Each structure stands twice: as C-alpha cells, then as structure tokens.
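The model shown is predicted, which means the values in this text are computed figures rather than measured ones. To find a chain, count down the sequence lines: A is the first, B the second, and so on, and within it residues start at 1.
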Amino acid sequence: MYYVATIGILVTMALALCRALLGPTVYDRVLAVNMFGTKTVLLLSIIAFLYGRPDFLDLALAYALINFIGVLAVLKFVQDYTLRQRSQAEEP
Amino acid sequence: MEIFGLFNYWMFVILLMTGIYTVMSRTNLIKKLIGMSIFQSAVFLLYISMDKVDGGTAPILQPGAVDVIYSNPLPQVLILTAIVVGIATLSLGLALVVRIHEAYGTIEEHEIREQDRV
Amino acid sequence: MNLELLATPTSWVLLIAGSAFVLIGGIGALRMPDFYTRMHAASLTDTLGTILILAGVIVQAGVSLAGVKLLAIMVFMLLTSPTAAYALANAARLDGLAPTLSKPDPGDS
Amino acid sequence: MITLFGVFLLCLLLITAIAIVREQNLFAAVMLTSIFSLQMAAIFFILDAADVALTEAAVGAGVATVLLLGALALTTNHEQEVKRHKAMAVVVAAFTSLLIIFATVDMPRLGDPMAPAHQHVAPWYLAETPKQVGIPNVVTAILASFRGYDTLGELFVIFTAGVGVLFLLTNSPSSSPSRLPSADAQGLRHHLVPRVVGRLLVPFIVLFGLYVQFHGDFGPGGGFQAGALICAGLILYALIEGESAALLVVPRSLLLALISGGALLYLAVGLAGLLRGGNFLDYSVLLSDPVAGQHLGILLVELGVGLTVTGVLLTIFHAFAAREQRS
C-alpha cells in the first residue's frame with residue numbers, strides 16, 4: 001500500500017517538475033519548488049516506513065521545518081528588488 | 001533489476017558532463033558556479049552509489065538485531081563533509097563574483113576581458 | 001485486537017485518498033490557466049493530501065516515537081505550507097503579476 | 001521496486017540539471033537548483049545514506065537558496081545569450097562521457113556485496129565501532145574518531161572559506177552609502193503571516209538543530225547537519241525581523257568567537273589526547289575508560305564542528321546581506 005502512495009507522490013513530483021520547466025513566470029517555478037518540497041517530505045516519511053527504519057523520520061522533520069525559508073527569501077528578494085526599482089524611478 | 005545495475009554510474013557521467021559543458025560554454029560567472037555545483041553533485045552521486053549494498057540498510061547499528069546487512073559508511077563520511085565544504089566554497093566563489101561585479105559592472109566573462117584589454 | 005484489525009484498512013484508505021488528492025493537486029498545478037489559479041490548486045490540495053497521507057502512516061506507526069515525530073511533521077507542515085503560499089502570492093503581487101480575469105464571452109458583444 | 005523509484009528520481013534529476021543549464025533567467029535557475037537539491041536528498045536517502053541526505057536537506061533547503069539569491073541581488077539576474085565554443089563544448093562533453101561510460105562497464109553493479117569497496121576497510125569499521133567506540137551511528141564514529149584528521153582538515157577548509165568571504169565582502173564601501181529607503185532593512189516585518197509563523201518556528205528549528213547535534217551518536221546527525229540547521233533558523237529570524245535585529249541576537253563578535261572557538265575546540269581535544277600520553281586525536285586516553293573517553297571526545301569534537309559551521313554560514317549570510325544594503 002505504501003507503494004501506491006509512493007507512486008502517486010512520484011508522479012506528482014514529475015508534474016511539478018513539468019510546471020517548473022514550462023514556467024512561464026518565475027513564480028510558477030517557485031510554486032513548483034514549494035510543491036516539490038512538500039512532496040519530498042511525504043516521500044521521505046513513507047520511504048522511512050518502507051525501509052522499516054522509522055527512526056529516519058528526522059529527515060522529513062528537517063524539511064518540514066526549514067523548507068519554506070527559501071520561499072520567504074524569494075519574497076524578501078522581490079520586495080527589495082521592487083523597492084530599488086521604485087527608488088531608481090524616483091531619482092531622475 | 002540487473003539492467004539498472006550501471007544506471008547510477010551513467011547518470012553520474014551525464015551529470016558530470018552537463019556541469020563541465022556549463023562551465024565551458026557559458027560566460028556568466030554565476031552560471032559557471034552553478035555548473036560547478038552540478039559537477040560536484042555528480043561526484044556526490046558517484047560516491048553514494050558505491051556505498052549501497054543489496055538488502056542493506058543505513059549504517060546506524062540497530063540494537064539487538066542480528067544478520068542485518070549495513071551499507072558502506074565510508075563514502076557517506078567523505079560526502080557528508082564535502083557537502084558543507086561545497087556550500088562554503090560556493091559562497092567564496094559568489095563573493096568573488098560580487099566583487100568582480102563591483103569592479104567591472106558586469107559578470108559576463110567576455111565583457112570583463114574587453115574591459116581589461118582597453 | 002479489533003482495533004488492530006481496523007488499523008490496516010483505515011491506513012490504506014487514508015493513504016490512497018491522500019495520494020489521490022496530491023495527484024489532483026499536481027494535475028491542477030499543471031493544467032490551470034494562470035499563476036494564481038495554479039497556486040490555489042497546488043496549495044489547497046497540498047494541505048489535505050499531507051494530512052491524509054501522514055495520518056495514514058500515523059495509524060500504521062501507532063503510539064510510538066515515530067508516531068509522535070509524524071505528528072510533529074504534520075503540525076509543522078500545516079504551519080509552513082500556507083505561509084509559503086502566502087509569501088509566494090505576495091511576491092507575485094508585488095512584482096505586478098496580474099491574475100487573468102475571465103475572458104469576455106465571444107458570443108457576447 | 002525501490003530501485004525503480006531511484007531510477008525515476010535520477011531521470012527527474014537529469015531533466016532538472018539540463019533545464020538549469022538552458023535557463024537564461026538566473027533567478028529561475030536558482031529555483032531549479034533548489035529542486036535539484038531536493039531530488040539529491042531523496043536519492044541519497046534511497047541509497048541508504050541517511051546522514052548525507054540530512055546534510056543535503058539542511059544545506060540545500062535553507063542556506064544555499066538564500067546565499068544564491070543574495071548574490072543575485074548584488075549582481076544581475078539575467079544571463080546574456082552568447083554563442084561561444086558551444087559546438088566544441090558539446091563535442092568535448094559527449095566524447096568524454098562516452099569514454100567514461102565505456103569505463104563504467106567494468107564497475108561492479110549497484111548494490112553488489114562483493115564490490116571491492118565493501119571488502120577492504122568498511123567491514124572493519126562496522127565490526128570495530130561497537131567495541132572501540134560504543135555508539136550505534138558508524139558514520140559519526142568514522143567521521144569524528146577513526147578519520148578525525150580528515151574532518152579536522154575539512155573544518156579548516158570551511159574556516160578558511162569563511163575568513164575569505166569576510167575579507168572579500170566587509171571592506172569599506174566604495175560606493176555611496178545606502179540609497180535605499182530604510183524600510184528595506186526591516187525585512188518582512190509588515191507581512192503578518194510569515195512574521196507570526198516564523199517567530200513561532202525559530203525556537204523549534206534551533207531546538208531541532210540541537211537535537212540533531214547531540215543525538216548524532218545514535219541517529220542521523222552530527223555537527224555539520226546541526227550547524228546548517230541552526231544557521232537556517234537564524235537566517236529565518238533575519239529574514240522576518242531584518243538584518244539589524246538578527247545582529248542584536250547574534251552579534252558579529254560572537255560569530256567570530258564561534259568560528260574560531262569551534263576550530264580551536266577541535267584542536268584542543270586533539271592536543272588533550274597528546275598531553276595524556278596518546279596520539280593526536282586519540283580519544284581513548286581522555287578518560288580512564290577508553291569507551292567513555294571516545295564518547296567524550298566525539299561529543300566535544302562534534303560540538304566544535306557545529307559551532308564553526310554555524311558561525312561560518314551565518315557570517316557568510318550576514319556579509320552578503322550587509323553588502324546588499326550598502327550597494
């Protein structure tokens with residue numbers, strides 16, 4: 001039964017990768033990264049059980065905790081970028 | 001699964017060459033650094049592929065268990081440290097690129113060369 | 001005894017339902033027409049799929065350290081995944097990415 | 001079946017790598033890089049390398065993306081299309097890959113228990129770790145004890161890289177001081193949702209980092225992973241509360257103390273072994289009971305690694321972020 005769930009998650013990963021490759025905007029790619037991160041957490045937790053070593057859930061826990069830092073960094077990057085554009089537009 | 005016996009190594013080779021190709025054909029310095037990190041990841045993949053033993057499990061001993069096959073811990077030690085060293089050296093490279101951008105106003109290799117020639 | 005008999009089919013149903021939701025989310029993220037609808041499809045199903053799949057595995061794990069860890073993973077995912085969606089939508093909006101509004105009906109002049 | 005999952009993930013990995021190379025927008029390329037890292041972590045886990053996967057997770061999810069974005073903010077995010085030696089590069093890469101693929105035919109198949117790599121020292125490490133070191137995680141035992149010299153060297157490479165970044169990025173600003181609005185330095189403070197969730201999660205991330213640090217003898221973990229995790233937590237704090245608030249929590253002087261203190265702690269443990277009549281980095285002589293001595297030595301050495309890695313990664317982050325506000 002774990003196999004069915006694993007296959008479902010792997011197919012979703014492939015779909016997310018398609019979205020990342022197609023774009024068209026960069027935000028679609030960030031969305032794909034975020035989806036991929038969630039799916040990785042699920043995949044790692046299921047594979048830990050498939051292997052019969054549930055003590056390796058630490059990995060999925062690490063991803064669950066820090067995976068959204070990348071998206072927050074994107075928000076900060078875009079915010080700084082637009083602020084810079086605006087201040088440059090005001091200068092001349 | 002016999003046909004996939006060498007698949008990991010082939011993927012390693014293709015990834016390695018993707019990295020090399022990026023470094024050779026691109027002029028953007030950050031792109032070159034990303035290419036180098038792909039190259040590095042390919043090497044990680046080679047080492048980790050070599051640690052797998054059929055029917056094995058990760059080399060963290062299970063108390064009380066007998067007849068458990070463990071995968072090879074040695075490549076894991078080498079790669080574990082290499083990943084952190086990799087990010088540290090990558091950021092050193094990025095710092096150099098930032099300084100180049102401040103000095104030349106560009107991070108394209110051919111434009112830097114042109115400015116040097118003048 | 002009865003509970004154990006019940007546990008396996010329950011976790012099967014949860015796992016399959018969860019992977020179905022995850023898959024639907026993936027298809028939605030691929031097929032929807034613009035960024036905001038794609039994000040809507042992906043982030044909503046992400047949450048439900050995560051709950052269902054992790055609940056399915058928790059039923060298998062039972063009351064143990066693994067079960068507690070899975071519960072922690074679930075709680076943290078429920079906190080971080082909507083936050084990431086918020087940050088992403090905000091970044092896109094800040095950058096001036098406009099949602100595609102419904103096109104005027106061609107029959108309608 | 002799991003082999004097939006691995007093959008599938010490897011195919012996705014290759015597609016991602018090619019997409020990274022073809023992508024002209026560097027911002028998108030960085031995003032694809034973080035997908036690449038997620039796939040690498042999953043593959044490492046499938047190939048039985050839990051410790052390595054945890055390291056890749058800790059470094060790839062938080063720190064790497066943030067650093068690359070920081071560098072992009074300081075330079076440019078678009079790559080110029082240049083036709084240069086492209087055909088020749090393709091030919092060289094294709095020829096070399098055919099050559100190496102030809103060489104792989106002689107390699108042992110994946111998972112072959114009779115492969116030379118599994119015959120030599122690996123069985124010795126697996127058999128001797130419970131007797132000599134007495135901890136379950138063989139990876140940590142080799143990392144900190146059997147091959148302690150290696151790790152000391154790696155730690156000093158990281159130390160040197162951190163010092164190098166400090167030299168490169170903290171010189172006196174050549175350009176005029178900040179022309180950005182001061183709101184820029186405040187991070188994401190006016191975004192309520194990330195702020196609340198972030199403030200809630202920072203202590204958990206740091207706590208989990210400490211767990212990984214001190215549980216590394218028994219499960220996947222150790223100084224390298226813990227350093228990257230704690231650094232990710234502090235980076236999160238810096239993102240939501242702004243640079244200056246983060247520097248109040250962990251000031252620059254403390255960062256420098258962490259960087260050098262960790263490396264010195266490692267050296268000091270090695271020298272303590274020498275003083276007590278053993279070899280350099282021989283922990284068995286630290287206490288009267290050799291196994292307890294190994295425990296103490298590994299704990300201290302991993303602590304040193306954790307301190308230095310946290311310090312270096314955080315210093316690098318601050319160096320990039322401070323540059324951004326100045327330029």
Smallest separation among heavy atoms of [X] and [Y], with atom names:
X: D/L239; Y: A/A73; result: CD1-N, 3.9 Å
X: A/Y63; Y: D/A61; result: CE2-CB, 3.7 Å
X: A/V33; Y: D/M31; result: CG2-O, 3.3 Å
X: A/I66; Y: D/A57; result: CD1-O, 3.9 Å
X: D/T65; Y: A/G70; result: CG2-CA, 4.4 Å
X: A/L10; Y: D/F8; result: O-CE2, 3.4 Å

Practice item. Any chance you could lay out the side chain to side chain contact (heavy atoms under 4.5 Å, CB included) test for A/F56 and D/L54, step after step, and finish with the verdict? Key: CA-CA 9 Å; A/F56 293 162; D/L54 186 58; over 6 Å; no
Point to revise | side chain to side chain donor-acceptor pair (under 3.5 Å) against A/R53, all qualifying residues, sequence neighbours excluded | key: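 Scan of A/R53 (side chain to side chain donor-acceptor pair (under 3.5 Å), adjacent residues dropped) gives B/T57.
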**Study point:** Sub-4.5 Å side-chain heavy-atom contact between A/K76 and D/H191
**Key:** no
With a 4.5 angstrom heavy-atom cut-off, which part of [X] approaches chain D: side chain, backbone, both or neither?
X: A/A16; value: neither
X: A/L65; value: both
X: A/F36; value: both

Atom [atom1] of [X] and atom [atom2] of [Y]: how far apart are they, to the nearest 0.5 Å?
X: D/N25; Y: A/R29; atom1: CG; atom2: CZ; result: 7.0 Å
X: D/Q39; Y: A/T40; atom1: CD; atom2: OG1; result: 8.0 Å
X: A/L75; Y: D/L69; atom1: CG; atom2: CG; result: 11.5 Å

Selection from [options] maximising heavy-atom pairs under 4.5 Å formed with chain A:
options: D/A232, D/A19, D/G219; result: D/A232
options: D/G209, D/C11, D/A42, D/A53; result: D/A53
options: D/I2, D/T16, D/L9, D/V63; result: D/I2

Between [options], which shows the greatest number of heavy-atom pairs under 4.5 Å with chain D?
options: A/V71, A/L72, A/D58; answer: A/D58
options: A/T25, A/D28, A/T6; answer: A/T6
options: A/L59, A/N67, A/L43, A/I69; answer: A/L59

Check your understanding: So with a 6.0 Å cut-off around CZ of D/F214, is the heavy-atom count from everything else above 12?
Key ->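 Yes.
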Practice item. May I ask you to check whether over 12 heavy atoms, not counting those of A/F49, lie within 6.0 Å of atom CZ? Key: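 Counting other residues, nucleotides and ligands, CZ of A/F49 exceeds 12 neighbours.
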Review point. Under 3.5 Å, is there a donor-acceptor pair between the side chain of A/Y51 and the main chain of D/I46?
Key: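 Answer holds: yes.
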